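All remarks here apply to the structure that follows.
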2 protein chains.
Amino acid sequence: MRHTPRWRKFGRMISIETRTQELTGALRRAGVRITRQRAALLAVVAAAKDHPDAVELHRRAHEKVPGISLSTVYRTLTELESQGVIHRHQFEGEAARFEHAKTAHHDHMIDVDTGAVVEFHSERIEKLQAEIAAALGYDIVHHRLELYVRRKRAAD
Amino acid sequence: MRHTPRWRKFGRMISIETRTQELTGALRRAGVRITRQRAALLAVVAAAKDHPDAVELHRRAHEKVPGISLSTVYRTLTELESQGVIHRHQFEGEAARFEHAKTAHHDHMIDVDTGAVVEFHSERIEKLQAEIAAALGYDIVHHRLELYVRRKRAAD
DNA sequence: CTGAGTGCAAACGCTTTGCAAGTCA
DNA sequence: TGACTTGCAAAGCGTTTGCACTCAG
């Protein structure tokens, strides 16, 4: 009758801790102190499977460390971003959202109805972008590709 | 000794006037009044060959109608946008920029050093985007592709 | 110990909005 | 005329910052 096997739960937890340590290490290497507040936030960011904004991250961190302020959340996120361990995304008409820079580069599809974000990657698109820039005499520093989408409906 | 042939100048002016009329028509059809201020702004938007922000458009319109306020600029731009005759672009870390919805859809390259914008279009990229969205069960409502670039330098 | 980090509130930059006065149709 | 539009100033929003206090190392 157990619907969530213990090994699976445990497996997830280990991976989150690993991620948390990555974030912690990045900050320590940058010479910043790991305070109670930051530790809580790092754990929250590491655990996030979605793309939360600063207010949402603050809400989650607040459950662990009631005293944490929104300023500290922003300050720490900015620091993490400049260390390159998280990414900041500015989708249309929304507050910035953050995500752990876990995997390789990817782009985003945003469901305009639900706000849900789906990640995708296309080597062919990347290549075409580079070709276009090169043809016009430029190198790409970075790029942003966002698809604002709506679920297909089977024959209305 | 005339370096700017009259026919060329005149050709440009006609096209700007045509564009101005397109904008004016769109507003009139939407049932809004064409005031002195709006007429000036429409002419400025129609004449713009770059991608100016609200403050810059205000500055340009201000030369024609000294009284025009920034609020009016924003209000009119918002109206034009909702009529679909201009587009609003929110590039990274900048105020929104506007452009006349003159031609077919295109994407943007932003020179990170100068802020200059180059327009481009790739049918192949568009197609790949649609395929990717479709494969995941979505239809694209709209998309945003921005390349932040830097001029190539011939062998430093 | 002591300088980096904190919470708070105030400031920020861009944009929108409430309102009384002005103006276009 | 009378509804729509304006300019102004104030508010809104997400984010950053100055400050005196606190705490991690």
Side-chain angles (χ1 to χ4, degrees), chain A residues 23-45 51-83 86-99 115, chain B residues 23-45 51-59 61-83 86-98 115:
Chain A
L23 297 178
T24 305
L27 286 193
R28 245 194 263 282
R29 252 169 276 127
V32 302
R33 295 176 181 169
I34 307 303
T35 61
R36 239 175 333 120
Q37 293 89 329
R38 282 184 171 158
L41 180 59
L42 298 189
V44 164
V45 169
H51 296 65
D53 62 17
V55 170
E56 175 62 17
L57 288 170
H58 175 244
R59 202 190 56 69
R60 295 182 194 176
H62 201 268
E63 289 174 2
K64 308 191 174 197
V65 178
I68 190 172
S69 74
L70 187 53
S71 322
T72 293
V73 170
Y74 272 114
R75 270 191 282 242
T76 306
L77 289 173
T78 299
E79 184 61 39
L80 288 170
E81 186 192 13
S82 73
Q83 295 304 318
I86 66 170
H87 294 310
R88 180 190 298 239
H89 301 295
Q90 187 74 23
F91 299 139
E92 285 184 358
E94 301 183 357
R97 298 191 190 200
F98 301 85
E99 75 174 316
Chain B
L23 297 177
T24 305
L27 287 192
R28 245 195 261 282
R29 254 170 274 125
V32 302
R33 294 175 181 170
I34 308 302
T35 60
R36 239 174 334 121
Q37 292 89 331
R38 281 184 174 157
L41 180 60
L42 298 190
V44 165
V45 170
H51 296 65
D53 63 16
V55 170
E56 174 62 17
L57 288 170
H58 176 244
R59 202 189 56 67
H62 202 269
E63 290 175 2
K64 308 190 178 201
V65 178
I68 189 170
S69 73
L70 187 53
S71 323
T72 293
V73 170
Y74 271 114
R75 270 190 283 240
T76 305
L77 289 173
T78 299
E79 183 62 37
L80 289 169
E81 185 192 14
S82 72
Q83 295 305 317
I86 65 169
H87 294 311
R88 180 190 299 240
H89 301 297
Q90 187 75 12
F91 300 138
E92 284 184 358
E94 301 183 359
R97 299 190 188 199
F98 302 84

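A note on names: the letters A, B, ... follow the listed sequences, proteins ahead of strands, and every chain is numbered from 1. All figures in this text were calculated on a predicted structure; none of them were measured in a lab.
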Among [options], the one nearest [X] by side-chain distance:
| X | options | result |
| --- | --- | --- |
| B/Tyr74 | D/dT15, C/dC24, C/dT16 | C/dT16 |
| A/Thr78 | D/dT16, C/dT15, C/dG5 | D/dT16 |
| B/Arg36 | C/dC24, C/dT16, D/dT6 | C/dC24 |
| B/Arg75 | C/dT17, C/dT6, D/dT15 | C/dT17 |
| A/Ser69 | C/dC14, C/dG7, D/dT6 | C/dG7 |
| A/Ile34 | D/dT15, D/dG25, C/dT15 | D/dG25 |
| A/Ala95 | C/dC24, D/dG25, D/dG14 | D/dG14 |

**Residue from A/Leu80, A/Val45, A/Val73, A/Leu57 passing side chain to side chain contact (heavy atoms under 4.5 Å, CB included) with A/Phe98** = A/Leu57
**Message:** By nearest heavy atom, map B/Glu94 and A/Val32 onto DNA chain C; which one lands nearer the 5' end?
**Reply:** A/Val32
**Asked** Where each residue is assigned the nucleotide of DNA chain C containing its nearest heavy atom, which of B/Arg33 and B/Phe98 is assigned the position nearer the 5′ end?
**Response** B/Phe98
**Request:** Inspect the contact between A/Arg75 and A/Glu79 and indicate whether a charged nitrogen and a carboxylate oxygen are less than 4.0 angstrom apart.
**Result:** no
**Item:** Residues A/Glu56 and A/Arg60 bridged, charged N to O under 4.0 Å
**Value:** yes
Base, sugar-phosphate alone, or nothing: which one does [X] contact when heavy atoms must sit under 4.0 Å apart?
| X | answer |
| --- | --- |
| A/Thr35 | sugar-phosphate |
| B/Thr72 | sugar-phosphate |
| A/Val55 | nothing |
| A/Gly31 | nothing |

Given atom [atom1] of [X] and atom [atom2] of [N], what is their separation to the nearest angstrom?
| X | N | atom1 | atom2 | answer |
| --- | --- | --- | --- | --- |
| B/Arg28 | D/dT5 | CZ | P | 12 Å |
| A/Gln90 | C/dC14 | CD | P | 14 Å |
| B/Arg88 | C/dC14 | CZ | C1' | 10 Å |
| B/Glu79 | D/dC4 | CD | C1' | 12 Å |
| A/Arg97 | D/dT15 | CZ | P | 12 Å |
| B/Leu42 | D/dT5 | CG | P | 13 Å |
| B/His58 | C/dG13 | NE2 | P | 18 Å |
| B/Leu77 | D/dT6 | CG | P | 12 Å |

**Request:** Classify the side-chain pair A/Arg88/A/Thr78 by whether it contains a donor and acceptor separated by less than 3.5 Å.
**Result:** yes
**Request:** Classify the side-chain pair A/Glu99/A/His51 by whether it contains a donor and acceptor separated by less than 3.5 Å.
**Result:** yes
**Prompt:** Under 4.0 Å between a side-chain N/O of A/Arg38 and OP1 or OP2 of C/dT6, yes or no?
**Reply:** yes
**Request:** Kindly say if B/Gln37 contacts the phosphate of D/dG7, meaning a side-chain N or O under 4.0 Å from OP1 or OP2.
**Result:** yes
**Asked** Taking it one step at a time, do B/Val32 and B/Thr76 satisfy side chain to side chain contact (heavy atoms under 4.5 Å, CB included)?
**Response** CA-CA 10 Å; B/Val32 302; B/Thr76 305; over 6 Å; no
**Asked** Given A/Leu41 and A/Leu23, is the side chain to side chain contact (heavy atoms under 4.5 Å, CB included) satisfied, shown in steps?
**Response** CA-CA 10 Å; A/Leu41 180 59; A/Leu23 297 178; over 6 Å; no
**Item:** Inter-end axis angle, the helix from C/dC1-D/dG25 to C/dA25-D/dT1, with every axis fitted to five base pairs (rounded, 10 degrees)
**Value:** 30°
